[in-house]
Amino acid sequence: MATLGVNIDHIANVRQARKTVEPDPVQFAFLAELGGADSITVHLREDRRHIQDRDVFLLRETIKTKLNLEMAATEEMLEIAKKISPNYVTLVPEKREEVTTEGGLDVRSNVKYLKKFVGNLKDSNIEVSAFIDPLSEQINFSKEIGFNFIELHTGKYAELTCYDQQKELQRIIESTHEANDLGLAVNAGHGLNYNNVKKIASINNMNELNIGHSIVARALAVGLEKSVREMKSLITSNSISK
Ligand code: PXP
C-alpha cells in the first residue's frame, strides 16, 4: 500500500512571510503524524526561503515517523545531511528564481558527480532518492548512479486534463514498472491533490506519495490533522499493492 509523506514547507512559508516564530512547522509535523502521515518531508533550500536549519534539526529529534530531507546536491547540503541523518534524502534540482521545484533532476548529465555524492550519503546510512521526470533514460541512470529510490515528478500529470492527462498517467505507470524491474522503489509527488491522487495511488507497487500544497491549503479550512487524515484515507482506499 502506498504511504503518505507530508511536505510541511508551506507552514514555514507563512512563518517566513513575517520572519517570526509562528506557525512553527515542527509543531505542525506532530499534527500531520496524528492525522496519519507516514513521513515528514522538508526541503531545505539554499536560499532558506521557508524551512530553516533549526527546523530540520528539531524535526529529527521530535518526529516519530520518518524524515525525508529534500535538498540540492551541493557540498553544503551534504554536510548538513550527514549531521542530521534523515531517514532518506531526496535530491532535487534547485533554481533561485523558481516558485517551486519545476522539473526533475537531470541525473543523466551528472553521473560522475552524483555517483560520488550518493555514495557519500549511503556510507552514512542514509537512503537516497532522485526526483526525476518519468523518462526511461533518467530511470536507467538513477539505477547506475546507485539511488535506492526514485520519486517520479507528477507535476505534468497534475496540470494536464482529459486525454493528455491519461497519456501522462500511462507514462508514470510504465516508468514505475520499469524502475521496479530494475530494483528501484518508486515514490511520486508534485501537484497531487484530493481529486487527482486516486489514479496515482492505485499504481501497482507505488511506495510513497509526497504531498504538500493541497494538504496545507485544505488545512486552512479543516485543520492539518483532518486534512492529512482525508488524504491518507484516499490513498489507502485506492492502493492495490503491498
Ligand atoms: N516532491 C518534491 C520533490 C517536491 O519538491 C515537492 C514540492 O516541494 C513535492 C513533492 C510536493 O509538491 P506539492 O506541494 O505540489 O504537493
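All ligand and atom numbering here is 1-based and tracks the order in the structure. Computed from a predicted structure; not experimentally measured.
Ring centers of His50 and His10: at least 6.0 Å apart, outside the cut-off.
Heavy-atom proximity to Gly191, at under 4.0 Å, picks out these atoms of ligand 1: 12 (O), 13 (P), 15 (O), 16 (O). Residue Asn7 approaches ligand 1 through these ligand atoms, each under 4.0 Å from one of its heavy atoms: 8 (O). Ligand 1 places these atoms under 4.0 Å from at least one heavy atom of His213: 13 (P), 14 (O), 16 (O). Atom numbering of ligand 1 starts at 1 in the shown order; those under 4.0 Å from a heavy atom of Asn210 are 10 (C), 11 (C).
No single ILVMFWY cluster, assembled from side-chain heavy atoms under 4.5 Å apart, contains both Ile211 and Tyr88. Hydrophobic clustering (ILVMFWY, side-chain heavy atoms < 4.5 Å, transitive): Phe117 and Leu184 are in one cluster.
Under the 4.0 angstrom criterion for non-hydrogen atoms, Val92 is in contact with ligand 1. Under the 4.0 angstrom criterion for non-hydrogen atoms, His43 is not in contact with ligand 1.
Note: no N/O pair closer than 3.5 Å links Ile211 and ligand 1 by distance alone. Checking only distances, Leu192 never comes within under 3.5 Å of ligand 1, N or O to N or O. At a 3.5 angstrom cut-off on N or O pairs, Ser214 does not count as close to ligand 1.
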Using a 3.5 Å cut-off and no angle test, enumerate the donor-acceptor pairs between side-chain atoms of residues 141-148 and protein atoms at least two apart in sequence or in another chain.
from	atom 1	to	atom 2	distance (Å)
Ser142	OG	Gln138	O	2.7
Lys143	NZ	Leu182	O	2.9
Asn148	OD1	Val128	N	2.7

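Side-chain atoms of Asn87 and Thr65, non-hydrogen and from C-beta on, never get closer than 4.5 Å to each other.
For Leu160, the side chain to side chain contact (heavy atoms under 4.5 Å, CB included) partners two or more places apart in sequence, or in a different chain, are Lys156, Asp164, Gln165, Glu168.
Ring geometry for His153 against Phe131 counts as parallel: the plane angle stays under 30°, on a 0 to 90° scale with 60° as the upper cut.
With a 4.0 Å heavy-atom cut-off, ligand 1 is reached by no atom of His153.
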